[in-house]
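Read through the structure below, which is laid out as structure tokens, and then see the notes.
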Protein chains: 2
Amino acid sequence: MLKISELSAKTGLTAHTLRFYEKHGLIQASTRSESGYRYYNAADIRRVEFVKTARSIGFSLEDINQLLSIRVDKLSHSCQEVTEITRNKLDEVNGKINELQSMQQTLQILLDSCCGGPERAIHCSIMEALDKDLFRNQDNESALQASGRVK
Amino acid sequence: MLKISELSAKTGLTAHTLRFYEKHGLIQASTRSESGYRYYNAADIRRVEFVKTARSIGFSLEDINQLLSIRVDKLSHSCQEVTEITRNKLDEVNGKINELQSMQQTLQILLDSCCGGPERAIHCSIMEALDKDLFRNQDNESALQASGRVK
DNA sequence: GTTGACCTTAGACCTAGCTCTAAGGTTACA
DNA sequence: TGTAACCTTAGAGCTAGGTCTAAGGTCAAC
């Protein structure tokens, strides 16, 4: 049976975070001392590790709550439910990656278009591009190319 | 000269957002009526469009504040400063992409490892993987492969 | 028996970028 | 003259996941 500071040391999560997770229904100390101190048994600890692992993969606390309710009653739940949660998360991640890759492309095009030197910014291609609103239709590359700014 | 609702219609930003940007020093209505109504002239509007464009590329409001102070006095600033802001943003975006791709890989491996069918979740590979904490050392793939869960 | 390290709770604060509300003043039109 | 649609401000609320504080109780060691 671990006290909260011991569990904190073991898991790398702060005591604050452990209490925060408890408040949100993710974890629990199955025993409390008379004075109210939390004591975590082996099963409690495994649950905390589960949460930590799921968090590190990127699951939200809400996702994890769903995964935990499957975990405590696996007979009543199917692999399909688990993969659905995972698939949704993957879709979300893929969506974010796409957004970021679009930004990445635009930023790279901007960088390629500018000399980046100590010249005065009066004809800076990046500033011009931002001013000319060349990014209206996700058509950044062709717009910038049309503007003659890309090597 | 446009009133705030007209500028809102023109830019697609809400009046709330325009006031919010003003509060944060990004934009301004260079004229106010006697009763305090904001009136935006052509230069004001171009500045708002600049902000909108920069936002759509992913620059933060703080980045944009920096870009704007370059924009109003291009003689005192260099291309180097502009590319530095852009480069920093690109680095940030690349960092996020890497994180997300790591999640993506892990999630894909999890999905590949599970049947995803109506079977009871009692031997669900995903649940097992989360329980066994196979993700400790960014060594997800080999750990999962070692566990014999990957096709 | 006292010190210092630990524990408890409720609740405030943080980021970033909005989004909305309340309470009231202005304007345009019929 | 009325009313509806607009405008103003200050400030609260939202998301997500913590992070921290205050005020107080407990515990173990010296």
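In what follows, chains are A, B, ... by sequence order, proteins preceding strands, each numbered from 1.
- Contacts between residues 10-26 of chain A and DNA chain C, counted as heavy-atom distances below 4.0 Å, involve A:Arg19.
- We find the SG-CD distance between A:Cys114 and A:Glu119 to be 8.0 Å, quoted to the nearest 0.5 Å.
- Put simply, chain A comes within 4.0 Å of DNA chain C, heavy atom to any atom, from C:dC6 to C:dT9, going 5' to 3'.
- Contact check of residues 59-66 of chain B against DNA chain D (heavy atom, cut-off under 4.0 Å) returns no residues at all.
- For the pair A:Leu13 and A:Ser8, the tightest heavy-atom approach, listed with the atom from each and the gap, is O-OG, 2.7 Å.
- In the helix from C:dG1-D:dC30 to C:dA30-D:dT1, the terminal helix axes, each the rotation mapping four pairs' C1' atoms onto the next four within five end pairs, subtend 30°, rounded to 10°.
- Between the OG atom in A:Ser78 and the CD atom in A:Glu84 there is a gap of 8.5 Å [rounded to 0.5 Å].
- For A:Glu92, the side-chain hydrogen bond (donor to acceptor under 3.5 Å, both in side chains) partners are A:Lys89, not counting sequence neighbours.
- Not a single side chain to side chain contact (heavy atoms under 4.5 Å, CB included) links A:Ser69 to another residue, sequence neighbours left out.
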Working note: B:Val51 + B:Phe59, criterion side-chain contact (heavy atoms from CB on, under 4.5 Å); need CA distance, chi angles, decisive distance, verdict.
CA-CA 9 Å; B:Val51 170; B:Phe59 286 108; over 6 Å; no
Each nucleotide in nucleotides 24-30 of chain D should get exactly one letter: B, S or -. Can you fill that in based on protein heavy atoms under 4.0 Å?
-BBS---
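- Under the side-chain hydrogen bond (donor to acceptor under 3.5 Å, both in side chains) criterion, A:Thr14 pairs with A:Thr17, sequence neighbours left out.
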Show your working on side-chain contact (heavy atoms from CB on, under 4.5 Å) between B:Val48 and B:Tyr21 and close with a plain yes or no.
CA-CA 9 Å; B:Val48 172; B:Tyr21 284 169; 5.9 Å; no
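- Using a 4.0 Å cutoff on non-hydrogen atoms, no part of residues 82-99 of chain A comes near DNA chain C.
- Between B:Ile70 and B:Ile85, the closest side-chain pair of non-hydrogen atoms falls below 4.5 Å.
- Counting all heavy atoms, side chain and backbone alike, A:Met1 lies closest to A:Glu6 at O-OE1, 4.1 Å.
- Under the 4.5 Å side-chain criterion, counting only non-hydrogen atoms from C-beta, B:Tyr39 is in contact with B:Lys3.
- Residues from residues 38-47 of chain B lying near DNA chain D, meaning a heavy-atom separation below 4.0 Å, are B:Arg38 in numerical order.
- At a threshold of 4.5 Å between side-chain heavy atoms, the hydrophobic network of Ile, Leu, Val, Met, Phe, Trp and Tyr places A:Tyr37 and A:Leu2 in two separate groups.
- Residues that satisfy the side-chain hydrogen bond (donor to acceptor under 3.5 Å, both in side chains) test with B:Asn94, not counting sequence neighbours, are A:Gln104.
- In this structure a side-chain-to-backbone donor-acceptor pair under 3.5 Å is missing from A:Ser113 to A:Ser125.
- A distance of 12.5 Å separates CD1 of B:Ile126 from CG of B:Asp131, quoted to the nearest 0.5 Å.
- In terms of heavy atoms, B:Val72 sits closest to B:Arg47 at CG1-NH1, 3.4 Å.
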Would you tabulate the side-chain donor-acceptor contacts of residues 23-30 of chain A under 3.5 Å, counting partners in other chains and residues two or more places apart, or write 'none'?
{"residue": "A:Ser30", "atom": "OG", "partner": "A:Asn41", "partner atom": "ND2", "Å": "2.9"}
{"residue": "A:Ser30", "atom": "OG", "partner": "A:Asp44", "partner atom": "OD1", "Å": "3.4"}
{"residue": "A:Ser30", "atom": "OG", "partner": "A:Asp44", "partner atom": "OD2", "Å": "2.7"}

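- The CD1 atom of B:Ile122 sits 10.5 Å away from atom SG of A:Cys79, with the distance rounded to the nearest 0.5 Å.
- Between B:Ile45 and B:Leu7, the closest heavy-atom pair is CG1-CD1, 4.0 Å.
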Assess whether side chain to side chain donor-acceptor pair (under 3.5 Å) is satisfied between B:Gln108 and B:Asp112, documenting all intermediate values.
CA-CA 6 Å; B:Gln108 190 61 63; B:Asp112 290 347; 3.2 Å; yes
